[in-house]
Amino acid sequence: MSIRTIMLIMLIAGTVRAVQASQYVSLWPLPQKVKILDLSFKLTSFNIVDAKESSAGSSCSLLQDAYRRYYEYMFGIAKRQGPRKSRLTGPSELTELQVWITSPDSECDGYPSVTSDESYELSVDLPYAVLKAPKVWGALHGLETFSQLVYEDQYGAVSISDFPRFAHRGILLDSSRHFLPLKVILANLETMAMNKFNVFHWHIVDDQSFPYLSRTFPQLSQQGAYHPYTHVYTPADVKMVIEFGRLRGIRVVPEFDTPGHTQSWGKGQKDLLTPCYSGSKPSGSFGPVNPILNTTYDFMSQFFKEISTVFPDAYVHLGGDEVDFTCWKSNPDIQKFMDQQGYGQDYKKLESFYIQKLLDIVTTTHKGYMIWQEVFDNGVKLKPDTVVHVWIGGGANEEMGKVTAAGYTTILSAPWYLDYISYAQDWQKYYKVEPLDFDGTEEQKKLVIGGEACLWGEYVDATNLTPRLWPRASAVAERLWSAKDVTDINDAFNRLSVHRCRMVA
Amino acid sequence: SSRVSSSGSSSALSSLHTVEGVWPLPQSFTSSTERYPLNPKAFYFGYGRQSAAQQDCSVLDAAFKRYFSLIFPDYTSGSGDKPFTVEIRVDHADCDSYPNENSSERYNLSVSAGQASLNAETVWGALRGLETFSQLVYQDDFGTYFVNKTEIDDFPRFQFRGILLDTSRHYLPVQAILKTLDAMAYSKFNVFHWHIVDDPSFPYQSRTFPDLSSTGAFHPMTHIYTQSDVRRVISHARLWGIRVLPEFDSPGHTQSWGKGQSDLLTPCYRGSTPSGTFGPVNPVLPSTYQFMARLFKEVSSVFPDSYIHLGGDEVDFSCWKSNPDVRAFMQKMGFGGDFTKLEAFYMEKIVNITSALKKTSIVWQDVFDYHERIPKDTVLHIWKGTPASYKEELSRMTKAGMRVLLAAPWYINHIAYGQDWRNYYTVQPLNFSGTEEQKKLVIGGEVCMWGEYVDATNLTPRLWPRASAAAERLWSDEKQTSSVDEAFPRLQDFRCKLVRRGIRAEPLHVGHCKHEYQGV
């Protein structure tokens with residue numbers, strides 16, 4: 001809570017000696033335009049209120065919640081200490097922050113989307129501060145910025161005009177390799193908001209476990225989770241994550257990765273996976289989803305129908321990465337099917353056959369989809385609004401060029417696999433990435449809608465997730481939010497050091 | 001040593017209910033699948049009639065209280081009402097003393113129907129036995145507690161099994177240190193090497209020289225260790241059978257000292273004028289040694305351990321070289337241009353100060369490398385190099401008859417993707433060329449968690465269970481624990497035990513614990 005004030009206390013005590021005050025104070029990610037004026041105020045009694053002209057009034061609970069949250073952040077300590085004695089001489093008093101939603105539809109009760117307007121303008125000046133935003137999403141970001149400006153009980157006059165460089169700024173968490181308790185996910189959403197991330201990519205299931213409790217197929221988690229009660233996400237849990245995210249302007253995009261990465265699905269859904277053969281007999285082990293059975297597609301139709309109602313986001317991530325063909329090759333029924341289809345020995349064609357059918361199914365649920373880059377590489381026919389997710393390191397720039405040349409929108413993760421740790425300041429490596437640094441036309445570059453920092457779960461669970469993710473992901477946050485020319489690594493170090501202290505408390 | 005235990009690999013999980021589940025692995029044991037239910041409402045610790053220590057033995061009474069909660073993490077009423085007693089017998093009633101370099105940690109544990117007998121020479125051995133017993137107890141799927149019939153005779157392979165924490169690069173709140181001490185005891189570590197001060201900050205609040213922390217700490221009030229903080233750490237450690245070894249590293253690594261003690265550091269020169277910056281401790285002024293004598297007198301009374309770590313590593317000579325007074329002194333002493341002689345001169349005086357205080361000095365290996373006349377009872381601490389080079393150093397030092405402590409392979413502040421614990425596990429500390437006598441001079445090893453990138457936010461998951469890999473290497477028999485693949489499921493299980501005890505120990509690889517970490 002009062003965490004935010006830690007920084008102030010530290011500055012006053014002069015203990016951040018290694019951290020020189022940046023000319024931009026300590027804002028993170030750096031806003032697009034900042035003008036700091038040499039005029040400071042004090043705060044004795046302060047309030048966050050709706051501007052009279054605002055299209056979102058007191059009935060907008062999203063904003064009311066945010067006011068309370070940020071008030072707590074900023075003045076938690078002060079409140080407990082009681083009112084301050086006012087000095088005889090001193091700066092003038094700032095009494096309130098007015099929040100003004102300027103467009104007729106505030107989107108207060110909606111969900112954020114890839115096209116949401118996240119811009120805001122913040123003017124801190126006498127007699128009061130004004131935060132103007134077309135939609136609530138921008139207001140949330142503006143409140144975050146305002147809270148970062150707090151300097152003990154004084155504010156400097158400042159005028160900020162801000163908007164994100166990229167629309168899709170995500171964090172991937174993997175709750176299959178290790179189960180992540182709900183608390184951990186919620187705490188992470190909170191920290192994401194402090195960094196202006198706006199997409200939680202929930203890689204919810206994978207080979208190792210299936211913690212998603214499906215209403216339609218409860219046996220999937222009953223059999224496929226690490227534990228059917230203690231290691232699952234119930235419908236109520238999922239709802240809570242989605243709403244918690246919405247209140248912070250964060251989309252929740254679930255990933256149900258197929259046809260590979262599905263070992264855990266097989267435990268609760270008979271005949272879904274391909275039986276592998278050793279010689280002429282089934283070996284007892286299973287491979288990817290079985291693409292040649294009608295029952296597979298019946299199952300997928302029902303399953304993704306449920307997913308489309310549970311998750312409100314317009315997109316669902318369908319995976320499609322790293323399909324191992326050895327099991328398909330071993331299975332005589334699959335071979336027969338390959339012959340019938342005239343695929344020869346090209347199992348990529350079989351993979352595409354599967355994905356194509358899956359995409360058609362998901363299209364009927366009126367969702368858009370995201371897919372890992374292999375699906376595009378294999379030449380699957382994609383809807384024009386498909387988001388291709390580039391993850392393979394080495395050649396990522398080329399891939400971005402190819403995907404955009406084909407006219408698809410894309411997001412970048414290849415340089416931001418944060419589960420790969422190394423000694424010392426690797427955040428600098430993440431910071432120095434330039435997502436548009438590939439050969440392509442201006443039109444192509446516009447198709448890059450953002451990126452995601454991925455924290456795969458092989459070596460991560462609740463015990464180490466937070467310190468492994470933050471503040472390293474903050475480096476990605478600034479790259480995706482701030483202007484292209486914000487690249488001064490020393491200034492970033494100073495601001496990020498203070499930002500970390502803010503996040504700590 | 002006999003291993004009549006179930007031959008593990010086939011049923012990994014059930015074997016973890018036997019001694020195989022104890023980390024670090026005891027030296028010798030037999031166990032069986034015969035098991036006894038335990039009911040927390042009918043479970044007792046008691047002192048055997050022949051025990052030298054009886055009721056009111058501070059160390060053991062406190063241990064009973066702690067271990068009851070560790071053995072029964074959820075205190076539901078168990079099934080069965082047969083009482084079970086753990087009876088302790090120790091030869092020496094050393095209840096109010098501190099563990100030291102000669103303390104025996106050997107114990108003998110025999111678990112049978114209705115009772116366990118735990119015999120040890122000292123209360124410190126009894127503590128190790130209690131830890132083992134607590135790891136033998138398990139719950140079935142219905143929550144009932146069990147312990148299997150077991151015989152254990154156990155003792156550490158090395159006497160010194162340490163963890164270094166660095167409270168200068170980042171301040172560690174006392175709470176974080178205490179929690180680390182708890183976790184150390186779970187892995188049977190017995191020395192907390194407190195690298196308390198260094199260049200970046202001086203958080204130790206000295207009674208004699210309060211300015212050192214009031215100007216040298218990150219913050220004079222919130223980022224210091226008061227005398228009572230230090231006492232708290234020492235007494236907490238004592239109750240776990242852990243020694244607290246303070247390090248006051250000099251003459252290098254002392255930038256923060258200079259802020260509160262004028263004239264202590266060497267003024268660096270640019271040409272013929274002082275540049276305004278300072279170098280290592282100034283070895284040419286008598287006032288330096290008067291200061292050090294008073295500081296170490298205080299330190300030796302505050303820290304009860306018989307060892308003091310004097311540092312002595314990584315001294316940069318460029319500032320000494322620039323200073324005309326230092327050069328004049330070199331001339332006078334006949335050191336020529338050899339600044340290692342000046343460094344040796346300094347270290348010798350410091351070692352003499354601690355010797356006069358009846359303390360044993362530990363110094364980093366650099367001191368041995370540049371100083372041939374180092375006092376014989378000094379312990380040398382190896383921190384540098386590749387396996388080949390530290391083995392060489394082990395040979396040379398032990399050949400010179402010096403006692404040695406090995407840290408080089410266990411710098412676990414260096415992180416990497418994947419299962420690097422395997423590297424820490426497969427170290428062979430005595431695999432160097434030398435006689436049996438030489439090998440006996442290796443008193444143990446130490447895991448170092450330097451603080452450049454570590455503070456309270458990430459200390460615990462970075463330390464555990466990676467340090468536990470070293471713990472087994474330092475405690476257990478090397479032949480019995482040579483397979484890293486056999487260790488894997490055991491360490492996974494142990495890490496879940498740590499998590500259950502509230503230690504934020506990170507996972508080794510994919511999987512789950514029955515009780516996941518519930519904090520944020």
Side-chain angles (χ1 to χ4, degrees), chain A residues 6 9-10 12-18 174-188 190-191 206-209 211 225-227 230-231 417-427 456-472 500-501 503-505, chain B residues 141 169-171 173 199-201 215-223 256 259 411-421 450 452-466 495-496 498-500 502-520:
Chain A
I6 289 258
I9 290 162
M10 289 181 60
I12 277 182
T15 52
V16 267
R17 57 181 68 117
D174 169 1
S175 59
S176 174
R177 270 65 179 238
H178 286 96
F179 179 77
L180 300 173
L182 197 61
K183 265 205 275 196
V184 174
I185 294 178
L186 300 183
N188 183 61
E190 192 83 79
T191 315
D206 204 299
D207 282 332
Q208 286 78 6
S209 75
Y226 283 130
H227 188 282
T230 60
H231 288 61
Y417 266 37
L418 267 53
D419 52 317
Y420 292 119
I421 53 169
S422 58
Y423 187 64
Q425 298 194 40
D426 56 359
W427 71 272
W456 295 102
E458 281 85 350
Y459 299 101
V460 177
D461 73 359
T463 62
N464 59 355
L465 183 142
T466 303
R468 195 160 287 199
L469 188 55
W470 308 105
R472 293 161 76 229
R500 180 189 91 97
C501 291
M503 290 193 282
V504 164
Chain B
D141 289 342
R169 268 72 179 221
H170 285 96
Y171 178 79
D199 283 329
S201 77
T215 54
F218 283 133
H219 186 282
M221 310 296 283
T222 60
H223 287 59
S256 68
K259 294 178 183 153
Y411 261 40
I412 64 172
N413 55 307
H414 292 142
I415 53 169
Y417 183 70
Q419 298 194 38
D420 58 356
W421 70 274
W450 295 102
E452 282 86 349
Y453 300 101
V454 176
D455 72 1
T457 63
N458 58 357
L459 170 69
T460 304
R462 202 163 280 204
L463 191 53
W464 309 108
R466 294 160 75 229
R495 132 51 214 183
C496 287
L498 292 177
V499 169
R500 187 79 206 271
I503 303 297
R504 216 151 39 101
E506 68 180 20
L508 294 181
H509 196 47
V510 296
H512 77 293
C513 297
K514 196 167 164 188
H515 302 275
E516 300 287 2
Y517 183 72
Q518 289 301 323
V520 176

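Proteins get letters first, then strands, A, B, ... in listed order; numbering begins at 1 in each.
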Checking [X] against chain B: side chain, backbone, both or neither under 4.5 Å from a heavy atom?
X      : value
A:E458 : both
A:N188 : neither
A:H227 : neither

Any side-chain donor paired with an acceptor under 3.5 Å for A:T463 and A:D461?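 A pair is found: one side chain offers a donor N or O, the other an acceptor, under 3.5 Å apart.
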Is there a donor-acceptor contact under 3.5 Å linking the side chains of A:H231 and B:E516?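 A:H231 vs B:E516: donor-acceptor pair found between side chains.
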Sorted by chain and residue number, the salt bridge (Lys or Arg N to Asp or Glu O under 4.0 Å) partners of B:D420 (sequence neighbours excluded) come out as B:R466
With sequence neighbours left out, what residues match B:E452 under salt bridge (Lys or Arg N to Asp or Glu O under 4.0 Å)? B:R169
Taking every non-hydrogen pair under 4.5 Å, which of [options] racks up the most with chain A?
options                        : answer
B:A505, B:P507, B:A416         : B:P507
B:T460, B:N413, B:T222, B:V499 : B:N413
B:G418, B:A456, B:G519, B:C513 : B:G418

Mutual orientation of the aromatic rings belonging to B:Y453 and A:Y423 [parallel < 30°, tilted 30-60°, perpendicular > 60°]: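 Perpendicular.
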Among the listed options A:Q425, A:R177, A:H178, A:R468, the residue most often paired with chain B at heavy-atom distances under 4.5 Å: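 Top count of heavy-atom pairs under 4.5 Å with chain B: A:H178.
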Heavy-atom pairs under 4.5 Å with chain B are the metric here; pick the option from A:A424, A:A187, A:S176 that has the most.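 Heavy-atom pairs under 4.5 Å are most numerous for A:A424.
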Enter the distance from A:L418:CG to A:W427:CH2 here, rounded to the nearest 0.5 Å. 13.0 Å
